[in-house]
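Every chain is numbered from 1, with letters handed out A, B, ... down the list of sequences. Below, each value reflects all heavy atoms present in this structure, side chains not excepted, and no hydrogens, waters or symmetry copies.
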There are 2 protein chains.
Amino acid sequence: MDEGQVEQVRRFNRTVAERVGVLHDHYLGGARPYGQARLLWQIGDGGTHDVRGVRDRLGLDSGYVSRLLRALERDGLVAVEPHPRDRRVRTVRLTEAGRQERALLDDRSDALAASLLAPLNARQRERLTSAMAEVGRLLTASTVSLAVLDPDHPDAAHCLRSYAAELGELFDGGFDPANSLLPDPGELRAPHGLFLVARLHGEPVGCAGLKLPSGAPAEIKRLWVCPRARGLGLARRLLAELEERAARHGCDLVRLDTNRALEAATRLYRDSGYTEVPAFNDEPYAHHWFEKRLTPTAR
Amino acid sequence: MDEGQVEQVRRFNRTVAERVGVLHDHYLGGARPYGQARLLWQIGDGGTHDVRGVRDRLGLDSGYVSRLLRALERDGLVAVEPHPRDRRVRTVRLTEAGRQERALLDDRSDALAASLLAPLNARQRERLTSAMAEVGRLLTASTVSLAVLDPDHPDAAHCLRSYAAELGELFDGGFDPANSLLPDPGELRAPHGLFLVARLHGEPVGCAGLKLPSGAPAEIKRLWVCPRARGLGLARRLLAELEERAARHGCDLVRLDTNRALEAATRLYRDSGYTEVPAFNDEPYAHHWFEKRLTPTAR
DNA sequence: TCCATCCTCTGACCTTAGTCAGAGGATCTC
DNA sequence: GAGATCCTCTGACTAAGGTCAGAGGATGGA
């Protein structure tokens, strides 16, 4: 990592923490303490939520949230009720007054944004917002974490289901995992392979599997990125991670197959140094087969 | 102001407050409470500082700072001593242990920056840091405030001195305000004119004067931007502000003169719609004369 | 039916980050 | 030399954010 880049990021953190961070907290809070405002925001407008879910998303102590909720309730902003089917769980929703209060936070947030733009001319605003979009996108990308999970883990299963559902829509004649090679994703667990899941704020947003047959080339399967997490370079990152793990495992060749409907994927493979080769398996859904030679890594 | 832009800024604030802001505070703080860490940072390494100056820069209450200093002193990180010449004032400097602690904050800050860059590939890092630089520059630009000051105000006088000093270096044969037209900047006060000072974090970083002779075109004088505040579009902003004020005052023509050594300024005037005209005064330091027709504003 | 578990709430407690009103010493101005 | 002014410090106080250890009701499984 380049030292100048680290210094640049630090400078950015200082500027932004000062200009945005401070304002963000002490503007947005306004009359309401920041904790309450945060909670109000998180409860949002869309109907009823489990208290537990909200709490987990904010990462707060249960006692603390309980107290915050009581304060909001006292001001008539939220209604807390037991869950209809499990009366241990409590649910919370905004009242009309709560929705108004939240809209007020919205306005404050707009005012803050506007106060940043106001002193700038049109061209500067244009440049600022597009640079902000870029920073936001890349910071989001850097927030995504990769983890090796068992293919039966709920997050992994969610990705595999989404993968199959999406292919079902894209392929002529649909997609049925049972007809494809690797009908059982259980093969993608140690020692015969591994399964990687990408998560953003705890939500699974992508996956990729690697088969590591002994004495044969490694094979990449089930590479998928959730539609709303596209444009973050995530597929490329998953691919690079699998290649590195394959290389560390001693593989010097990695292969994969893909369907002609998956144009972006095919482009990614070509860009990443894969070359098209004759069919090396009889996957019924595949139209293209690729391979890439790996440079062995230390260890 | 474009609604999409406001929304973009808000989205940015959310992402950044989450990813940078939170980490910033709770990483950087570490063992030391954030207030102490901030103070430690501000005292910095460069020798001895007046407590008052440090306090003003952080915008904190004197009692609060006193307490923070005592805590730092207890931990042996700073030494507080009376000012040698005015024993009401106290000065503060880091001890060796304080310098080490501050270096530790530095490392934490680096670690935070590195943790943002780590998950990205080389191209993404490149793009992130340059977008951050752009955002930082433009947010800094939007932090600059303009104020009408009396030319005798210390901040205004500082700008005028710097202006003269810089011209003195740039012009063949130096620059002596007494030889120029408008030897007395006092003419740049109401009702005969006005003087605008740009400030960044309270420090004066630029200025521009406007003469408003009754029945004659307005005239722009003493436009200057401090070297370390260049590249923020500040000269352009000062110019636009003066033009707007002139137009509101009823002027439909604004004029100015400039020296050939000031190439960037000359370029700015041309870009901003000024056209070169024959000399309209006998300013000894001028080589170019410009004018611009204003479109009258409402009111 | 009973016990373990889950979820929420309450009370007690702690640290930070401030604010405010003087007290008290040092300096400046007349 | 006497105020007025300046600067720092102290004590008293407040609010927010948060943690921890149970209490107590609801549910699920043996």
Original post:
Between dT10(D), dT8(D), dT19(D), which one does the side chain of Val89(B) approach most closely?
Top reply: dT8(D)
Subject >> Polar side-chain atom of Thr91(A) near backbone of His83(A) as donor-acceptor pair, under 3.5 Å >> reply: no
Original post:
For Ser62(A) and Leu69(B), take the nucleotide of DNA chain D holding the closest heavy atom to each; which residue's nucleotide lies nearer the 5' end?
Top reply: Leu69(B)
**OP:** Without swapping roles, check the side chain of Asp150(B) against the backbone of Asp152(B) for a donor-acceptor pair under 3.5 Å.
**Re:** yes
Original post:
What distance separates Leu77(A) CG from Arg32(A) CZ, expressed to the nearest 0.5 Å?
Top reply: 5.0 Å
Original post:
Which letters describe nucleotides 24-30 of chain D, given B = protein heavy atom under 4.0 Å from base, S = only from sugar-phosphate, - = neither?
Top reply: -BBS---
Subject >> Heavy-atom closest contact (Gly35(B) atom, Tyr64(B) atom, distance) >> reply: CA-OH, 4.3 Å
Original post:
What closest approach, in Å, do Gln36(B) and Ala71(B) show between heavy atoms, and which atom pair accounts for it?
Top reply: NE2-CB, 3.6 Å
**OP:** Applying salt bridge (charged side-chain N to carboxylate O under 4.0 Å, His left out), name anything that partners Arg99(B), two or more places apart in sequence or on another chain.
**Re:** Glu96(B)
Original post:
Picking from dC20(D), dT10(C), dT8(D), which would you name as closest to the side chain of Arg55(B)?
Top reply: dT8(D)
**OP:** Would you mind reading off the distance between Asp61(B) atom CG and dC13(D) atom P, rounded to a whole angstrom?
**Re:** 17 Å
Original post:
Considering only heavy atoms from C-beta outward, does the side chain of Leu40(B) approach that of Glu101(B) to under 4.5 Å?
Top reply: yes
**OP:** Could you tell me whether the phosphate oxygens of dT10(D), OP1 or OP2, come under 4.0 Å of any side-chain nitrogen or oxygen in Arg70(B)?
**Re:** yes
Subject >> Atom-to-atom span, CG of Asp56(A) to C1' of dT8(C) - whole angstrom >> reply: 13 Å
Subject >> Paired and unpaired positions of DNA chain C as dot-bracket, Watson-Crick or G-U wobble under 3.5 Å, | denoting a partner strand >> reply: ||||||||||||||||||||||||||||||
Subject >> Selection from dG18(C), dC7(C), dT8(C) that lies nearest to any side-chain heavy atom of Arg90(A) >> reply: dT8(C)
Original post:
In whole angstroms, how far is the P atom of dT8(C) from the OH atom of Tyr64(A)?
Top reply: 17 Å
Original post:
Within this structure, what is the CG-to-P distance between Leu39(A) and dT8(C), rounded to whole angstrom?
Top reply: 13 Å
Original post:
Does one side chain, of Arg70(B) or Ser66(B), offer a donor that lies under 3.5 Å from an acceptor on the other?
Top reply: yes
Original post:
Short question: side chain of His192(B), backbone of Glu187(B) - any donor-acceptor pair under 3.5 Å?
Top reply: no
**OP:** Grab the CG-P distance between Leu60(B) and dC7(D) for me, whole Å please.
**Re:** 17 Å
**OP:** Give one of base, sugar-phosphate or nothing for Arg67(A), where a contact means two heavy atoms less than 4.0 Å apart.
**Re:** base
**OP:** Please state how far atom CG in Leu68(A) lies from atom P in dA15(D), giving the value in whole angstrom units.
**Re:** 16 Å
Original post:
How close or far is atom C1' of dG18(D) from atom OH of Tyr34(A), stated in whole angstroms?
Top reply: 15 Å
**OP:** For Gly63(B), report the nucleic acid contact type (base, sugar-phosphate, nothing); a contact means any heavy atom under 4.0 Å.
**Re:** base
Original post:
When rounded to the nearest 0.5 angstrom, what distance separates CZ in Arg74(B) from CG in Leu72(B)?
Top reply: 9.0 Å
Original post:
Taking NE2 from His49(B) and C1' from dT8(D), how many angstroms apart are they, rounded to a whole number?
Top reply: 19 Å
Original post:
Side chain of Val51(A): nearest nucleotide among dT8(C), dT16(C), dG17(D)?
Top reply: dT8(C)
